[in-house]
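Report on one structure; see the data block that follows.
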Amino acid sequence: MSEVRVRIAPSPSGNLHVGTARTALFNYLFAKKNNGKFVLRIEDTDAERTSQEYVDNIFDSLKALGLNWDEGPDVGGNYGPYTQSERFDIYPKYIQELLDKGFAYECFCTPEELEAEKEEATANKKAYVYSKKCENLTDEEKAKLRAEGRKPAIRFNVAKAQKAFHESSILKFDDLVKGELQMDTNLIGDFVIMKSNGAPTYNYAVVIDDALMKITHVIRGEDHISNTYKQILIFEALGFEVPRFGHLGMILAPDRSKLSKRHGATAVSDFVEQGYLTEALVNFVALLGWAPSDGEEVKPVDAIAADFRIGEISSSNSIFEYDKLRWMNSHYIKMLPMDTLKEMLKPYLTRYDLTELSDEQFTKMVEITREPLTLLSDITEAVPYFFGQDVEIDPEVQTEVLDLEESQKVLNDFVEKAQTWEWTEENLHNKLEEFRGTWKEQGIKPKATMWAIRAAVSGRTRGADMVGLLEVLGKERTIHRAQKSCKVAK
RNA sequence: GCCCCCAUCGUCUAGAGGCCUAGGACAACACCCUUUCACGGUGUAGACAGCGAUUCGAAUUCGCUUGGGGGUACCA
């Protein structure tokens with residue numbers, strides 16, 4: 001069997017969408033599983049809608065996800081160039097071949113004429129199919145139209161190709177994920193393969209590129225199913241080997257509509273910015289339509305690739321549920337090595353003066369605050385009380401905890417006793433326990449005791465482990481803050 | 001309108017005629033653990049869209065209906 005070659009061909013008209021990322025992932029997994037090659041091709045035929053900024057975003061996002069390509073615009077390869085706009089000199093040659101073989105013809109119809117045909121079809125409740133009115137234009141007629149200044153587009157002759165290669169008008173193909181798919185070619189109008197301005201259309205350019213790049217398997221979204229029939233016909237008309245196709249269900253938003261910006265993040269780079277780990281994103285997206293054979297859902301890409309079976313991908317659409325992604329993300333954050341986590345957290349701590357903390361203190365702070373993080377960005381709101389001499393007290397905490405008489409008693413006592421404590425983790429742990437004990441004897445619950453201290457030093461009732469917190473704050477600052485919360489000056 | 005695809009808990013899914021009184025994960029809820037919050041642990045609730053057909057037997061096969069998605073461009 002020849003080498004498996006798959007590709008991802010994004011159009012740089014926006015940042016890399018998670019849907020595209022999933023398609024890229026499945027192509028990547030298929031390539032890895034079959035020891036094949038994964039090719040990246042940029043489809044920027046439509047110059048108006050594309051930009052270099054998006055190309056860069058696509059590169060960066062794919063790399064961040066770990067979906068490294070074997071051939072592409074930046075790394076090159078034997079079948080380049082890998083950017084469609086750089087391939088424009090390739091396309092006319094095959095157009096000519098199609099013209100010569102009679103599988104294509106010039107069309108001089110104006111947009112108005114075409115529009116009229118469509119309206120008529122709608123009025124008659126029929127599927128719109130191009131009338132083929134330009135199919136048999138004589139040379140004189142063409143010359144006349146040209147003289148009028150009309151520039152022809154080139155259309156593909158569907159019926160001719162169908163008859164040349166198939167007995168029935170029903171065109172079938174065996175889809176890698178959906179099984180046998182079919183379509184009546186009589187319902188496919190002769191479509192344009194080269195615009196009147198000389199630019200190739202999508203359906204034509206992909207075929208040429210896929211054929212020339214020796215792509216063996218085309219794995220893409222099911223929104224391309226209707227294109228597949230057209231493409232198969234072109235492959236055949238040009239004598240190219242038709243690749244296998246596999247169509248994936250779409251990713252939908254929770255409201256079952258197309259996943260768009262109003263639902264939250266949609267671009268990979270948005271997710272990264274919000275504090276998602278690309279490992280979590282990849283893992284999550286792999287689970288949309290595919291299930292691991294051992295039921296173990298959390299696993300790295302390599303393990304997924306080894307277990308990947310394209311025939312077992314679900315053929316239905318799936319909804320992008322942020323909840324599970326968040327769970328996955330928290331899981332991956334927990335697995336992060338301390339040093340890595342520290343570095344990844346820094347971009348979310350820019351509002352604080354990190355020089356206030358020694359590396360040791362910073363490490364400790366992260367250790368005691370990392371547990372509940374769902375997103376890396378959660379760290380921002382989790383640590384304000386580690387900085388500055390004073391701390392902002394939440395108004396509710398003030399009235400419901402600090403203003404309590406028992407809290408005041410505890411705090412006054414704490415300020416006095418803490419002066420004498422040796423400020424080490426072990427000792428603090430013991431002293432705190434002892435401290436809770438003495439107040440318990442006086443009828444104040446350990447919980448209330450701890451809350452009072454926590455509230456005074458952090459301004460909150462929830463947060464990091466107490467011992468660690470006091471350790472990072474240091475003796476002087478802890479007592480300072482505790483004292484400030486005492487109503488009666490000592 | 002026309003064409004195509006899809007259909008198991010709220011969500012992602014396991015399930016390829018008897019193993020299914022349908023399994024797992026996320027979310028929800030309850031309890032436990034606990035110096036707060038969290039983490040963790042245990043448990044509860046929750047689905048085969050409907051109707052026909054085939055069969056001794058159907059979530060699994062077929063048809064229809066309904067619902068959802070996609071395509072209908074000189075966009076990609």
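Each chain gets a letter, A, B and so on, in the order its sequence line appears, and its residues count up from 1.
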Strictly below 4.0 Å, N to O, side chains only: are [X] and [Y] in salt-bridge contact?
X: D89(A); Y: R87(A); answer: no
X: R41(A); Y: D210(A); answer: yes
X: D190(A); Y: K132(A); answer: yes
X: E396(A); Y: R460(A); answer: no
X: E406(A); Y: K440(A); answer: no

On a whole-Å scale, what distance lies between the [atom1] atoms belonging to [N] and [M]?
N: U72(B); M: A28(B); atom1: C1'; value: 42 Å
N: C6(B); M: U61(B); atom1: P; value: 12 Å
N: A22(B); M: U13(B); atom1: C1'; value: 13 Å
N: G1(B); M: C62(B); atom1: P; value: 27 Å
N: G50(B); M: U44(B); atom1: P; value: 26 Å
N: G15(B); M: C20(B); atom1: P; value: 14 Å
N: C26(B); M: U36(B); atom1: C1'; value: 27 Å
N: U42(B); M: U55(B); atom1: C1'; value: 43 Å

Pairing partner of [N] (Watson-Crick or G-U wobble, both distances under 3.5 Å):
N: U60(B); answer: none
N: U44(B); answer: A28(B)
N: U72(B); answer: G1(B)
N: U21(B); answer: none
N: A49(B); answer: U65(B)

Can you figure out which of [options] approaches the side chain of [X] most closely?
X: L287(A); options: C12(B), C74(B), U13(B); value: C12(B)
X: W327(A); options: C26(B), C3(B), U13(B); value: C26(B)
X: A291(A); options: A14(B), A76(B), A7(B); value: A14(B)
X: S315(A); options: A7(B), C39(B), A73(B); value: A7(B)
X: E222(A); options: A76(B), G69(B), C37(B); value: G69(B)
X: M183(A); options: C3(B), C5(B), C39(B); value: C3(B)
X: M250(A); options: G69(B), U35(B), A76(B); value: G69(B)
X: S316(A); options: A7(B), C12(B), U35(B); value: A7(B)
X: L114(A); options: A38(B), C3(B), C74(B); value: C74(B)
X: S11(A); options: A76(B), U36(B), U11(B); value: A76(B)

* Asked: Between atom NZ of K334(A) and atom OG1 of T374(A), what is the distance when rounded to the nearest 0.5 Å?
  ->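 It is 7.0 Å, given to the nearest 0.5 Å.
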With heavy atoms under 4.0 Å as the rule, sort [X] into base, sugar-phosphate or nothing.
X: D465(A); result: base
X: T461(A); result: base
X: A153(A); result: base
X: H224(A); result: base
X: E297(A); result: base
X: G463(A); result: base
X: G221(A); result: nothing
X: N124(A); result: nothing

When you check the phosphate oxygens OP1 and OP2 of [N], does a side-chain N or O of [X] lie under 4.0 Å from one of them?
X: K195(A); N: C75(B); result: yes
X: S318(A); N: U13(B); result: yes
X: R256(A); N: U11(B); result: yes
X: R460(A); N: C37(B); result: no

* Tell whether K324(A) reaches the base of A27(B) with its side chain through a donor-acceptor pair below 3.5 angstrom. =>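 No, no donor-acceptor pair under 3.5 Å.
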* Check whether the side chain of S196(A) and the base of C74(B) form a donor-acceptor pair under 3.5 Å. =>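 Answer yes: a donor N or O sits under 3.5 Å from an acceptor.
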Length of the [atom1]-[atom2] vector between [X] and [N], whole Å:
X: I333(A); N: G40(B); atom1: CD1; atom2: P; result: 13 Å
X: K118(A); N: U72(B); atom1: NZ; atom2: C1'; result: 9 Å
X: K299(A); N: U13(B); atom1: NZ; atom2: P; result: 16 Å
X: L181(A); N: G70(B); atom1: CG; atom2: C1'; result: 12 Å
X: N317(A); N: G71(B); atom1: CG; atom2: P; result: 11 Å
X: I319(A); N: G70(B); atom1: CD1; atom2: P; result: 12 Å
X: Y130(A); N: A73(B); atom1: OH; atom2: C1'; result: 14 Å
X: Y204(A); N: C74(B); atom1: OH; atom2: C1'; result: 15 Å

* To do: Specify the residue among E312(A) and N197(A) whose closest nucleotide of RNA chain B lies further upstream toward the 5′ end.
  =>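 By nearest-heavy-atom nucleotide position, the 5'-most residue is E312(A).
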* Closest-nucleotide ordering on RNA chain B, the 5'-leading residue of P111(A) and A127(A) ->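 Result: A127(A).
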* Residues, nucleotides or ligands: over 12 heavy atoms within 6.0 Å of E426(A) CD ->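 Not buried by this count: 12 neighbours or fewer within 6.0 Å.
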* Can you check whether I58(A)'s main-chain N or O pairs, donor with acceptor, with S61(A)'s side chain at less than 3.5 Å? ->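 No, the answer is negative, given that no donor and acceptor are paired below the 3.5 Å cut-off.
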* Main-chain N/O of S485(A) paired to Q408(A) side chain as donor or acceptor, under 3.5 Å ->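 Answer holds: yes.
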* Asked: Is the closest side-chain donor-acceptor distance between R220(A) and T228(A) under 3.5 Å?
  ->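 R220(A) vs T228(A): donor-acceptor pair found between side chains.
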